[in-house]
Amino acid sequence: MKISLNWLRDYVALDASNDEISRAITFLGFEVEGVANTGAPKLDNVVVGEILTRAKHPNADKLSVCTVDVGPAGGVKTIVCGAHNCGAGNRVLVALPGAVLPGNFQIKLSKIRGQESQGMMCSPDEIGMGSDHSGLLILADKPALGAAMNDVLPPGDTVFDIEITPNRPDCQSHLGIARELAAWFKLPLIYPQEKFRGDVAGPAARPDLLASVRVEAPEDCPLYSATIISGIQVGPSPAWLQRRLTAVGLRPINNVVDVGNYVMLETGQPMHAFDAKKLGGNAIVVRRAAEGEKITTLDGKERALTSRMLVIADAQKPVVVAGIMGGVNSGVSDDTTDLVLECAIFRKQSVRATSRQLALSSDSSYRYERGVDPHGAIEAAWRAVDLILETAGGKVVGPSFKVGGDVPWQREIVVTHDYITEKLGFDIPAAEMRAAFESLELTVTREEPTTHPARGPAWTVSIPSWRDDLDRPIDLVEEVLRLHGTEKIPAAVVSSPGLLADDDPISIFNRRVTDHLVGHDFHECVNYTLRPAKEVAAWIEPTSATPLALANPFTEDQSHLRPTLITGLLESLRLNQSRGVAVSRLFETGRMFIEREGQVFECAGVAFVVAESVAERSWLKREPVDFSFAKHHITALASVAGIDFARQPVGPATAPGWQAGHSAAVNDHAYNWAARFGLLNLGFVKSLGIEGKIYGGCFAILPEKLSAESARHRFSEFGLFPAALRDLALVVDAATPAADVQKSLLKLARAAVGNAFAVESVTVFDLYRGTGLPDGKKSLAFNLVFRAAERTLTDDEVNGVFQKVQDEVVMASGWQIRK
Amino acid sequence: MQDQLSALLAKAAAELPGVNARPAFEAAKARYVGPNGELTALMKQMGGIPKEQKPAAGKLINEAKTQLTALLDAALARIADSELAAQLGPAVDPTLPSPDVGPGTRHPLTLVREEMCRILRKVGFTVADGPEVETEYYCFDALNTPSDHPARDEKDTFYFPAAARFGNVSKKNPEEKYLLRTHTSSVQIRTMLKGAPPIRIVSPGRVYRRDTTDATHSANFHQLECLYVDKGVTVRDLKALLDYIFASLLGKDTKTRFRPHYFGYTEPSFEVDLTATHLPKVKKPWIEIGGCGMVDPTVFQDVGYDSEVWSGYAFGMGLERLAMLLYGIDDIRYFYQNDLRFLKQFA
């Protein structure tokens with residue numbers, strides 16, 4: 001809200017500097033978003049003069065020497081001037097010796113390049129009126145020679161642009177801010193004195209103008225007052241009124257409308273004036289709109305109303321959307337002679353709902369939505385009547401209509417000095433606290449000294465009707481602290497008793513996987529959680545995409561929760577490639593969202609991508625990365641979550657984003673986690689505009705399945721006697737997974753060994769395809785390790801077992817032994 | 001005998017330095033000191049030497065043996081050295097760049113988050129986490145935000161359709177809607193509901209606003225909030241925490257100040273400004289950095305804490321904003337583009 005300093009001074013005798021006032025407003029709790037000076041500041045020895053002659057300066061190309069007549073202020077002066085527009089005949093402002101211009105610029109008799117100058121002709125910025133320094137300020141209306149500047153120019157003002165927090169609707173007005181500043185500077189607050197006080201002397205009521213006021217929805221309109229003023233003359237407002245409105249950014253319209261705005265900006269109470277002759281049936285009805293009823297509001301738009309919206313209507317039609325905006329059909333125009341002045345209280349929730357539904361707001365609705373002083377309406381109406389009579393003439397006819405009573409208001413808060421001290425953690429004297437209340441018109445109706453000598457008093461504080469935000473003792477703590485000054489909170493040491501807690505497992509998980517990946521040369525990325533529908537549908541099955549959609553996306557490319565972290569990383573790859581930045585390894589940690597059977601699960605996730613080979617040329621070639629690289633890292637990431645991949649079945653990654661036959665999935669959320677890894681779908685990657693093969697891995701787990709404590713491992717014995725090793729190569733179908741063969745072999749070996757000794761491990765160490773093998777077959781070579789805990793195994797016993805394994809594997813599986 | 005020994009040593013001294021490979025060495029060694037070697041043969045002659053000459057002859061033989069062993073050892077050491085040398089290629093040029101990419105980097109938001117968490121961990125805060133998909137209750141109702149508050153408007157907050165079902169985000173009321181949390185304060189509510197005071201947590205996390213993306217706004221960004229609930233927590237304690245945080249982060253000459261403000265979930269509430277030297281691209285003396293206040297009794301009441309017994313404070317700030325301030329970054333979009341030239345600057 002824009003607040004004019006001149007206007008504030010009507011209510012409080014502020015003599016502090018603009019900086020001090022700004023600081024006061026700031027530390028009272030309102031952010032000052034801007035301070036603007038308008039009009040002319042008060043300056044002495046700056047007078048009107050007329051340029052008589054202009055000649056080129058003998059010693060400087062860009063300067064002129066002018067003679068200037070300042071009339072009674074000193075006659076004709078010789079002045080050196082650098083402006084381009086110092087042509088003869090212009091009337092300008094002349095700063096005479098002795099003048100002190102803004103920026104402490106002192107004007108003296110001086111010599112400029114050898115030429116005496118007896119003053120200075122001024123540009124607007126030199127006299128503190130804006131920033132225009134392109135030339136002299138030319139006074140087009142030719143004011144009298146020698147007249148003082150401040151008699152000629154509009155008086156100066158300072159306008160503070162203040163952000164009013166939503167809890168302080170009372171400060172949506174000059175009086176409200178003045179009250180705060182009066183409290184801060186310990187100055188009295190002077191309220192405007194209304195002449196009209198609802199008392200009517202004059203002609204009797206005029207039922208031909210307004211015969212009745214009826215409120216059909218008192219729950220949304222607890223108070224409605226209407227005052228008839230007859231015989232007015234609509235015209236431009238007086239200059240002082242126009243100046244005030246202009247200063248705070250409002251366009252003057254006419255005296256009646258301007259007074260309404262003025263009183264709203266003064267008191268915070270919105271009001272509305274009707275042309276009485278346009279009220280059909282001479283009636284005002286405050287009612288809910290009929291469903292679909294239409295009104296064309298003052299902004300020229302036709303609006304369809306619903307039955308929940310409150311309107312002010314005449315006998316036939318709605319004339320105002322209550323508290324928000326008037327209709328074109330009933331407003332005051334140049335030929336209005338009789339008006340009805342409305343001043344009412346509307347329930348804030350009702351105004352807010354209607355304003356939002358119609359997407360229509362105004363200075364009036366803004367204030368009603370936040371709440372107006374329930375006891376301020378009638379006085380505000382009186383104030384407006386005064387100003388209308390003053391600026392537009394006319395007479396109040398008949399008593400005002402007033403429907404509904406004063407909204408009941410009584411609130412007292414009991415608070416003790418001790419309570420406030422306990423909340424603040426430092427001492428403020430009781431007298432200062434009490435003075436703070438009183439200065440904000442929070443009247444202390446009772447002060448009880450507590451019986452305990454060391455304790456402070458208890459106060460009963462009466463809360464005024466405009467301070468609905470003050471409801472509990474804690475709210476008064478803030479008032480005391482505001483006026484004491486939040487800058488004066490004393491320093492202290494942080495107290496930090498240990499609370500025996502540990503970090504959340506998600507944060508530990510993220511930190512550890514980040515350590516792993518950064519340690520392997522990956523760069524951490526951060527991508528948006530919201531992804532385009534098209535991309536999500538391409539990544540997963542379209543049916544799985546639907547539950548991830550937002551109800552109200554802001555843009556089309558951010559409409560769905562991400563089902564994977566991979567696509568964001570691909571976008572980062574693409575961005576770097578397109579900018580010519582060589583990039584290969586990227587990763588991200590963060591939330592991703594998995595759909596299962598119509599339900600969405602929020603998972604903690606980590607993912608990485610890696611380009612098969614780095615685009616950058618190098619003097620030394622490295623092996624390109626491959627599927628195993630992805631598997632290695634996804635295995636490590638899963639192990640951070642306490643998951644051992646060796647125990648997990650591996651299947652194909654079925655989502656379309658992964659390249660079939662070159663990617664894999666482990667677990668697929670069957671146990672609240674899933675891992676996918678391998679080559680990303682070549683076509684998908686290419687469609688994104690990315691060059692080359694990209695491998696990746698993505699691990700997701702339900703946060704609640706991440707545990708801070710992992711089960712403690714138990715030591716297992718290992719034999720100190722030498723192991724016996726045997727190699728076995730098997731020819732199997734190309735499609736048979738190595739893990740299946742390994743498992744069978746391990747099982748058979750264990751059966752063959754029995755309890756005699758142990759099969760320590762069976763691991764695949766070679767894979768062969770090609771010459772010497774039938775089509776569709778591959779050879780897998782395994783290393784079998786046998787060991788006994790308490791002795792060295794003999795060749796004979798190992799050979800016996802190994803032969804048995806060979807016989808049985810051929811029998812059981814049909815796999816051939818490759819000699 | 002002496003002549004024979006001298007001749008033998010002379011021969012060995014001439015031959016052994018020329019032996020360059022292990023097999024040749026072994027052969028030579030056998031020829032001298034093997035069972036059929038020349039020295040062995042001479043030693044065998046000792047039997048035939050008259051008894052009185054034996055000590056002198058034995059001494060000669062021993063001397064010869066010592067010398068021969070030294071020659072053999074030297075030859076072997078030389079061969080071993082040359083074998084090791086053969087494992088090496090030509091000398092490296094240590095100035096050539098490594099062909100391997102790296103090192104990896106942490107994102108500046110991670111760096112700032114971890115630094116803040118480290119500072120806060122020192123004074124007893126532990127990291128708390130919570131879902132990014134939230135419900136109206138945890139994001140608004142429990143934080144004293146009335147149902148018609150503008151922040152809850154569909155204009156400003158991302159909602160999910162009424163039929164949306166989230167398997168692991170619990171609702172307080174069956175009819176409330178799911179949304180993307182607009183602040184991490186929902187973590188405070190979940191933490192308070194799950195546990196009992198005293199509580200001292202820091203909750204960093206991602207939040208969402210329905211906003212146009214520009215140099216200072218982003219559809220999602222990150223916040224970091226602190227919550228402390230205990231007996232007798234005061235405004236002064238809150239100020240002490242903020243002073244501590246920013247002095248730790250920016251140096252001892254850093255100052256903070258509170259300006260009264262309004263938040264629905266704290267009373268009194270403040271905005272926090274800081275002033276510090278050496279911050280890049282900062283022109284104003286005071287920079288707004290976050291909001292804070294004493295936990296409103298209504299919030300305690302809602303989570304079932306007795307506000308007569310428990311008091312507390314909360315503080316929150318934007319991590320992007322902090323990172324921008326610390327690193328002198330002037331456009332929030334850099335954080336989400338992941339240009340490597342950006343990412344590599346901060347690690």
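Protein chains get the first letters and strands the later ones, always in sequence-line order, with residue 1 at the start of each. Values in this document were obtained by computation on a predicted structure and should not be read as measured data.
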Using non-hydrogen atoms and a 4.5 Å limit, figure out which bit of [X] sits close to chain A: side chain, backbone, both or neither.
X: B/L180; answer: side chain
X: B/K344; answer: side chain
X: B/T213; answer: side chain
X: B/H222; answer: side chain
X: B/L340; answer: both
X: B/T298; answer: both
X: B/R206; answer: side chain
X: B/P97; answer: both
X: B/F342; answer: neither
X: B/R200; answer: both
X: B/F263; answer: neither
X: B/F158; answer: both
X: B/Y178; answer: neither

Angle class for the B/F160/B/F166 ring planes (parallel below 30°, perpendicular above 60°, tilted otherwise)? perpendicular
Side chain from CB out, backbone as N, CA, C, O: work out which of these in A/N167 comes under 4.5 Å of a heavy atom of chain B, or both, or neither. both
Among the listed options [options], the residue most often paired with chain A at heavy-atom distances under 4.5 Å:
options: B/G205, B/G130, B/A164, B/G195; value: B/G130
options: B/D230, B/V133, B/L241, B/T157; value: B/V133
options: B/T212, B/I199, B/D243; value: B/T212
options: B/E114, B/K239, B/E288, B/E271; value: B/E114
options: B/H261, B/M294, B/R259; value: B/R259
options: B/D211, B/V169, B/V202; value: B/D211

Could you tell me which residues satisfy side-chain contact (heavy atoms from CB on, under 4.5 Å) with B/S311, sequence neighbours excluded, listed by chain and number? A/K423, B/V233
Regarding [X] and [Y], does a basic nitrogen lie under 4.0 Å from an acidic carboxylate oxygen?
X: A/E571; Y: A/R574; value: no
X: A/R370; Y: A/D469; value: no
X: B/R121; Y: A/D503; value: yes
X: B/E154; Y: B/R210; value: no
X: A/R591; Y: A/E602; value: yes
X: A/E487; Y: A/R23; value: yes

Give a yes/no verdict on a cation-pi contact between B/K231 and B/W310, requiring under 6.0 Å between NZ or CZ and the six-membered ring centre and an angle within 45° of the axis. yes
Aromatic ring proximity, centroids under 6.0 angstrom, A/H633 and A/F522: yes
Would you confirm whether the ring centroid of B/F258 sits within less than 6.0 angstrom of the ring centroid of B/F270? yes
Rounded distance (nearest 0.5 Å) linking atom CZ of A/F608 with atom CG of A/L517: 7.0 Å
